[in-house]
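Quick notes on the structure that follows.
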Amino acid sequence: MVLQPDGEMITTCAQLRFACQKIGHPLGYKIHDGDRWIAAAALRLHCPLVSHDGLFKGAMTCPGGLSAITPWP
């Protein structure tokens with residue numbers, strides 16, 4: 001599936017960046033723009049994010065309802 005960056009996707013990504021900046025999560029940093037788009041796509045599609053990247057571990061505390069399937073204990 002290819003998800004085109006429409007207005008709702010752009011808004012979701014911007015809201016995620018703002019929410020993560022507010023709580024000091026690294027997804028709010030410019031260097032993680034690509035990772036944030038991945039998380040925003042999961043939010044937009046209402047599906048869990050599957051990743052082994054520790055960056056997403058704390059992202060579930062960001063507003064928006066991001067859920068993740070990970071190997072973390």
Side-chain angles (χ1 to χ4, degrees):
M1 172 184 239
V2 175
L3 181 63
Q4 296 296 324
D6 60 6
E8 188 174 341
M9 178 69 174
I10 293 166
T11 299
T12 300
C13 192
Q15 289 172 338
L16 181 61
R17 181 176 187 179
F18 177 73
C20 289
Q21 284 176 336
K22 270 186 14 180
I23 65 171
H25 189 277
L27 272 178
Y29 303 157
K30 175 79 174 146
I31 194 167
H32 294 296
D33 280 348
D35 298 312
R36 192 171 43 259
W37 278 108
I38 292 167
L43 287 169
R44 174 82 164 78
L45 294 172
H46 307 286
C47 65
L49 186 144
V50 180
S51 175
H52 294 286
D53 189 340
L55 171 70
F56 296 110
K57 186 174 184 180
M60 292 175 289
T61 61
C62 292
L66 182 64
S67 62
I69 298 172
T70 65
W72 305 308

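A quick note: this is a predicted structure, and the numbers were derived from the prediction, not measured.
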Kindly write out the residues that satisfy side-chain contact (heavy atoms from CB on, under 4.5 Å) with Y29, not counting sequence neighbours, or none if the list is empty.
P26, I31, H32
Return each pair, listed once, that meets salt bridge (charged side-chain N to carboxylate O under 4.0 Å, His left out) where at least one residue sits in residues 23-32; pairs must be two or more places apart or across chains.
K30-D33
Scan residues 39-51 for pairs that pass salt bridge (charged side-chain N to carboxylate O under 4.0 Å, His left out), counting only residues two or more places apart or in two chains.
D6-R44, E8-R44
Roughly how far, to the nearest 0.5 Å, is CG of D35 from CG of L16?
10.5 Å
Nearest-0.5 Å distance that lies between atom CG in L27 and atom CH2 in W37:
13.0 Å
Rounded to the nearest 0.5 Å, what separates atom CZ in R36 from atom CG in L43?
12.0 Å
